[in-house]
Amino acid sequence: MTRIVLLGPPGAGKGTQAARLADALGVPAVSTGDIFRANIAGGTELGRTAQGYTSRGELVPDEVTNAMVASRLAEADAAAGFLLDGYPRNVAQVSELDAILARHGVRLDAAVELTADTEVVVGRLLHRATVEGREDDTEPVIRHRLEVYREQTAPIAALYAERGLLVRVDGIGEVADVTERLLTALRPAA
Ligand code: ADP
């Protein structure tokens, strides 16, 4: 049983590491950003709602995101564990995740914060913009996403630290080295 949330600034490599960790741990990676992007690409109602926010680097409203995560975590493949990437992203979402897990009668095993220097992540995101062409990877939107992270998401690490769940891992380095660090840091929990 492995229930983990992955925290860290935009560009810290959460998506890449979430996929690799989920593979290693045998649980699904659930990325709210990916679910929003799939819905935007598919032209769904959820996608249309989300796009107005994601394109500006704002958080999608909690009621939309919370309902989406609750329904994803109720799927059969998440019963044995999951790795959440991009959720929770503010204090209210931490409470909602607590409520979702309580309904399922389970608890979180760890909150892993992948750390990275701001200038490094801006550089990575600007580079990714040229490769992937993500709509929210322009410099002003990147700066805004980092500000939202600092104001709303970074404080939740302290909440998980108080619960003894926080693990910090340096996100700078080769992809495979960072995965190793994560697996080593998680060994006691996973
Ligand atoms: P990044 O971490 O690189 O900023 P993500 O792919 O995790 O990117 O998220 C992209 C966008 O999707 C966010 O900027 C935000 O608009 C929206 N989003 C993702 N997760 C959440 C969440 N938990 N709550 C609200 N909005 C979210």
Side-chain angles (χ1 to χ4, degrees), residues 1-10 12-47 49-50 53-54 59-114 149 152-153 155-169 171 175-176 178-190:
M1 298 288 175
T2 311
R3 297 184 180 86
I4 297 170
V5 303
L6 198 52
L7 310 171
K14 291 191 303 296
T16 305
Q17 295 299 335
R20 295 170 62 92
L21 269 184
D23 243 25
L25 300 173
V27 296
V30 173
S31 156
T32 45
D34 283 352
I35 302 175
F36 285 132
R37 280 185 289 279
N39 276 276
I40 291 167
T44 69
E45 194 186 332
L46 173 65
T49 304
Y53 300 93
T54 61
L59 296 187
V60 176
D62 284 347
E63 60 271 24
V64 175
T65 309
N66 288 339
M68 179 178 93
V69 171
S71 107
R72 178 63 188 89
L73 293 185
E75 285 178 35
D77 67 336
F82 54 77
L83 208 152
L84 267 175
D85 160 21
Y87 185 93
R89 235 178 171 94
N90 60 29
V91 172
Q93 293 181 7
V94 171
S95 306
E96 177 61 19
L97 179 60
D98 289 340
I100 295 170
L101 296 181
R103 283 203 295 278
H104 291 274
V106 299
R107 304 168 72 96
L108 211 58
D109 297 303
V112 187
E113 185 178 27
L114 202 55
Y149 180 80
Q152 301 199 45
T153 311
I156 75 181
L159 298 182
Y160 286 123
E162 279 168 25
R163 299 183 193 181
L165 290 176
L166 189 70
V167 179
R168 277 206 177 85
V169 172
V175 169
V178 176
T179 309
E180 263 322 298
R181 274 179 224 152
L182 284 163
L183 286 170
T184 305
L186 280 170
R187 212 145 276 147

Item to complete: Dump the intermediate steps for side-chain contact (heavy atoms from CB on, under 4.5 Å) on L108 and L101, then the final yes or no.
Response: CA-CA 8 Å; L108 211 58; L101 296 181; 3.9 Å; yes
Measuring only between side-chain heavy atoms, which start at C-beta, is [X] closer than 4.5 Å to [Y]?
{"X": "V5", "Y": "L83", "value": "no"}
{"X": "V69", "Y": "T32", "value": "yes"}
{"X": "V30", "Y": "Y87", "value": "no"}
{"X": "E113", "Y": "V169", "value": "no"}
{"X": "Y160", "Y": "V94", "value": "yes"}
{"X": "T2", "Y": "F82", "value": "no"}
{"X": "L114", "Y": "V178", "value": "yes"}
{"X": "L186", "Y": "L21", "value": "yes"}

Worksheet item: With sequence neighbours excluded, what pairs up with D23 under the salt bridge (Lys or Arg N to Asp or Glu O under 4.0 Å) test?
Response: none
Practice prompt. Let me see the working for I156 and V91 under side-chain contact (heavy atoms from CB on, under 4.5 Å), right down to the final yes or no.
Written response: CA-CA 6 Å; I156 75 181; V91 172; 4.1 Å; yes
Would a distance-only check, ignoring hydrogens and angles, find a side-chain to backbone donor-acceptor pair under 3.5 Å from [X] to [Y]?
{"X": "T179", "Y": "V175", "answer": "yes"}
{"X": "D85", "Y": "L6", "answer": "no"}
{"X": "T153", "Y": "N90", "answer": "no"}
{"X": "K14", "Y": "G8", "answer": "yes"}

Discussion item. For T65 and Q93: C-alpha separation, side-chain torsions, deciding distance, then whether side-chain contact (heavy atoms from CB on, under 4.5 Å) applies.
Written reply: CA-CA 9 Å; T65 309; Q93 293 181 7; 4.1 Å; yes
Worksheet item: What's the verdict on side-chain contact (heavy atoms from CB on, under 4.5 Å) for Y53 and V64, showing C-alpha distance, side-chain angles and the deciding distance?
Response: CA-CA 11 Å; Y53 300 93; V64 175; over 6 Å; no
Taking all non-hydrogen atoms of both residues into account, name the closest pair between [X] and [Y] and its distance.
{"X": "I100", "Y": "N66", "value": "CD1-O, 4.4 Å"}
{"X": "A176", "Y": "R20", "value": "CA-NH2, 3.5 Å"}
{"X": "R168", "Y": "A157", "value": "NH2-CB, 4.4 Å"}
{"X": "E96", "Y": "R103", "value": "OE2-NH2, 4.3 Å"}
{"X": "A78", "Y": "L73", "value": "CB-O, 3.7 Å"}
{"X": "G81", "Y": "P28", "value": "O-CD, 3.3 Å"}

Please round to the nearest 0.5 Å and tell me the distance separating atom [atom1] of [X] and atom [atom2] of [Y].
{"X": "Q17", "Y": "L183", "atom1": "CD", "atom2": "CG", "value": "9.0 Å"}
{"X": "L7", "Y": "L166", "atom1": "CG", "atom2": "CG", "value": "7.0 Å"}
{"X": "T44", "Y": "I35", "atom1": "OG1", "atom2": "CD1", "value": "11.0 Å"}

Fill in: CZ (R163) with more than 12 external heavy atoms under 6.0 Å
yes
Worksheet item: Is the shortest side-chain N to carboxylate O distance from D62 to R89 below 4.0 Å?
Response: no
